[in-house]
Amino acid sequence: MEFKTSQQRSLFAFAASTVGAVASLVVNEPAGLLVAVAFATICFGWRWGIAAALGISGAAAMLFWAEGELAGRSLGSWTAYVVAAFGIWGVISSYRTISFYDQVYKAVQPTLEDIPGLGWSAYPDGRMRFVNPAATEFIGLTPDEMKKRMKETDTAWWTPFIHPDDRERSLQLWRRSLKTGEPLVDEQRVRRFDGTYRWFRDSAIASRDANGNITGWYGTTVDITDQKNAEAALKASEQQLRELIDTVPALIWQASPDGKTAYVNKQLIEWFGLPSGDLNGEALDSVLMDAVYPEERESVQSAVKQSFALRKPFTLKYRHRRYDGTYRWTNARVQPLVDQEGAIVQWYGVFLDINDEIHALNSLGRSEKETRLIVDTVPSLIWLMTVEGLPYYFNKRMVDWTGIEPEEDASGSGSVSSRQTYAELIHPDDKERIATEFQNAFNSGAAIRTKGRLLRKDGQFRWLDSRVEPLRDEAGTIIRWYGVSIDIEDEVKAQTALRESERYLQHMIDTVPVGIVLSNNDAQPVYVNKRLNDNNGVHVDHDDRSVDMRISPSIRDLVHPDDKEAVESRWATAQRKGNSFAMRYRQRRADGVYRWIEDRSEPFKDDDGNILQWYGVNLDVDDEVKAQAALRLADERLARASRMVSLSELSISIAHDLNQPLQSVASNVTAFKNWLNAKPPNYERASKTAEWIIRDVEVAAEVVRRIRAIFSQTEHRRDAISLLGVIEEVRGALADKLIAAKIKLQVDVAQGIPDAFADRVQIEQVILNLIKNSIEAFDGTHTRERLIQIAIRMVGGDTVDISVRDNGPGIEDVDRAFEAFYTTKSDGLGIGLAICRSIIEAHGGQLSATSRKKGGTVVSFRLPITPRSAGLNVGIEVQNALPVGKRELH
């Protein structure tokens, strides 16, 4: 018995259970209640079955009670009944879960589970009857869940798993088959248990009875995802191939076995300007042939027919007319496609536009001619050799130079076996060396550069500079050698002459009686001559890998320790400013004796003014310096003697000029006193004597004024002068004294110091006097570091302050330092600072001196930077009161 709906099955089970219960009551037999247990378990499941077993056990107890037999019967009978009820429930549950699906169902439907893919069967009205385990496993449902869905609507079991885009179409096809009885064929996407959709082909046919009525539907659902993907890939590949054929930069066409054009790609249509509509084979052949250059059309047509007749691949080059009317060279290549029997299936052809290539080849031919012309006219000897080293080509220059032209074999095969090496052209003295170099190059594959003498056609050997390079193929194998030779005979002669000149110059530099040194911009020597090496005992090591040289001991180590700081300072200044360097200092000779040298160096600059090197000479001036020192000492002694004589003469003159008025004053004062002490006083004679006293005093005052005039200057010439320049000149003049006294002189100039408005000679005398006073102050002292400092600073906006400091013993009485004839030196006159003060005051400035607490003296003066005094006669040339040669400032 088959039920069309689950409700019918439930209703039947309920009715059967009711009939069994009623029959038990009527016949008074509790065994009829077991029918309810069986049907409840079979139709509703194990839960309803156990409930029914409990219920009928209670009902049987009531029946036994009602009959009064429960007391009379043994409890074991009722217990046996209960065990039978639960036994029936257990057996039916076991068969329902195992045998129903594994045994009974297979017996009823023995083929559906074995159907590959997702198998199913349905009732005639479309309700699902059976789904094989493969289907439940694919969608991820258990058999109970599947049965529950099958009890619902006829589509509840599968519509949730169909892709939304395919659901409505699939429902329409299924309903149409149910209505018409036609087989169902559908493709749809079904969701797998992991959430992914796969394509399936759903096929179903109706099962009919003898009367042709539909008794059920049987279907299979086969996974066609791979087939769909393959079809999509094939479609995409076909589309890609179509696009490739249409976009590839070539004109592609296809012809039938008889040579009739059947297909052309888009590039060919656009290139020839064909209509967009389809053309048959004859029309295409006619269009393509009409586009051939008129003068080549007949030959091309004949060649094409013959090639198709021979049924072999062929290639033709001719000109085609493009859509714009221009004729361009094309290369037509045609290849047949044959089947397994060797029969031609179709022809494939391609037109390649080679117009640019043809023009390039023509240009290349012209270029080769031009290149050969260049090779033949270039002022070099160019030649080629085989891999074995045999010459086989000389350019025209080489042929004209040697008078030899390599020739091919008489056979014309291009063989080089009989060609000569022309080794007889090489000078005998160079032949072995050059042969060895070439052999080494052939063995190693390295390039060659060599120089040697080659015999010219006039019989003269001339020097050639030759370079040979190998030419390699793509695999790196040498296929030939290219050589070029340049006539360097004149260059060799010039180099020989240059070497002789260099040798002579080197000999002259090494023998000249001065030390010559060449230094880089860092003052590091890069060359010293032999005289300097011998005189100073230095050892020179040259580095073969560079131009650097190591000198031991270094040039700096030869400088006297007392002069080293001054030399380095002067060198630093010269390097910074790019000026010439000139200085005298003491340098150690090879015998360990320090001698005075005069070091002069000049910078060598490039076009941009950057210093490249320094060229210097060292002159031995030790004898000259010693002679100058002796002369200076003699001059100083003479000057002191002259000062003493001048002072004596000046004193005699002063005493003589002042003696008479002073004696007259003394006599008149005595007379004046006598006239006043007379009895009675003679006032008239006393008054007359007083007048004489006044007259004599005025005479003495005039004498003093004349003496002061000697040390004063009444007129001045003022110009704008650089104070730093004045100081540098004074320092240069006193350099020997500073070095001899081991005194360091430092100059500190503030930024932005303008020029002062003064008499340059007078200001130079002032600075010279102040520095000499500081130098002389160190005499007899034992100061560890003797230092004189000169500082220039701005004061206000129109005055500059110059101070001279030393760390000597200082001045005991600063207030009297500027008094005339006051001095602390045994041989001084004491008028130097007085004259300096007069000069500074005459310039509108001030001169002052102070003693430092830690020892030493500071003498400073201030000068205006612009003319301020109306009394200054600017631009007037005057003479000093004393001749210039007799100015003695201390």
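Numbering of residues begins at 1 and proceeds along the displayed sequence. Since we're looking at a predicted model, the values are computed, not measured. Computed over heavy atoms, backbone and side chain alike; hydrogens, waters and symmetry mates excluded.
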Any salt bridge between [X] and [Y], counting N to O under 4.0 Å?
| X | Y | answer |
| --- | --- | --- |
| Glu598 | Arg600 | yes |
| Arg433 | Asp430 | yes |
| Arg793 | Asp748 | yes |
| Glu841 | Arg837 | yes |

Would a distance-only check, ignoring hydrogens and angles, find a side-chain to backbone donor-acceptor pair under 3.5 Å from [X] to [Y]?
| X | Y | value |
| --- | --- | --- |
| Asp801 | Met794 | no |
| Asp606 | Asp608 | yes |
| Ser501 | Ala497 | no |
| Asn773 | Leu768 | no |
| Ser569 | Glu565 | no |
| Lys605 | Gly578 | yes |
| Arg570 | Ala582 | yes |

Neighbour count above 12 (heavy atom, 6.0 Å) for Gln460 CD: yes
Arg805 atom CZ: more than 12 heavy-atom contacts under 6.0 Å: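 Counting neighbours around CZ of Arg805, 12 or fewer heavy atoms of other residues, nucleotides or ligands fall under 6.0 Å, so no.
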So how far is it from [X] [atom1] to [Y] [atom2], rounded to the nearest 0.5 Å?
| X | Y | atom1 | atom2 | result |
| --- | --- | --- | --- | --- |
| Gln846 | Arg862 | CD | CZ | 7.0 Å |
| Leu770 | Cys836 | CG | SG | 5.0 Å |
| Gln575 | Ser519 | CD | OG | 9.0 Å |
| Asp798 | Leu863 | CG | CG | 11.5 Å |
| Phe461 | His427 | CZ | NE2 | 5.5 Å |
| Ile448 | Glu469 | CD1 | CD | 9.0 Å |

Worked verdict on Ile790 versus Leu745 for side-chain contact (heavy atoms from CB on, under 4.5 Å): CA-CA 8 Å; Ile790 301 177; Leu745 177 62; 3.9 Å; yes
Criterion side-chain contact (heavy atoms from CB on, under 4.5 Å) on Gln587 and Tyr585, from CA distance to verdict: CA-CA 7 Å; Gln587 192 178 74; Tyr585 56 88; 4.0 Å; yes
Ser466: partners by side chain to side chain contact (heavy atoms under 4.5 Å, CB included), with sequence neighbours left out: Thr450, Leu464, Ser485
Shortest non-hydrogen separation from Ala758 to Ile721 and the atoms involved: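 Residues Ala758 and Ile721, closest heavy atoms: O-CG2, 3.9 Å.
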Leu724 to Ile792 - nearest heavy-atom pair and separation: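 Distance-wise, the nearest heavy atoms are N-CD1, 4.4 Å.
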Verdict with reasoning, Glu437 to Asn440, per side-chain contact (heavy atoms from CB on, under 4.5 Å): CA-CA 5 Å; Glu437 292 176 352; Asn440 292 337; 5.6 Å; no
Among Val517, Val621, Asn618, Val559, the one residue meeting side chain to side chain contact (heavy atoms under 4.5 Å, CB included) with Asp599: Asn618
Side chain proximity check, Val484 to Leu381, heavy atoms < 4.5 angstrom: no
Residue pair Phe604, Trp614: steps toward the side-chain contact (heavy atoms from CB on, under 4.5 Å) verdict: CA-CA 6 Å; Phe604 176 69; Trp614 290 83; over 6 Å; no
For Asp591, all residues meeting side chain to side chain donor-acceptor pair (under 3.5 Å), sequence neighbours excluded: Arg589
Output field: ring centroids Trp571/Phe581 closer than 6.0 Å: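 Between Trp571 and Phe581, the centre distance is under 6.0 Å.
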Stepwise salt bridge (Lys or Arg N to Asp or Glu O under 4.0 Å) check, Arg786 with Asp806: CA-CA 8 Å; Arg786 299 182 176 189; Asp806 62 62; over 6 Å; no
Where at least one partner belongs to residues 614-631, residue pairs that pass salt bridge (charged side-chain N to carboxylate O under 4.0 Å, His left out), sequence neighbours excluded: Arg584-Glu624, Arg595-Asp620, Arg595-Asp622, Arg595-Asp623, Asp622-Lys626
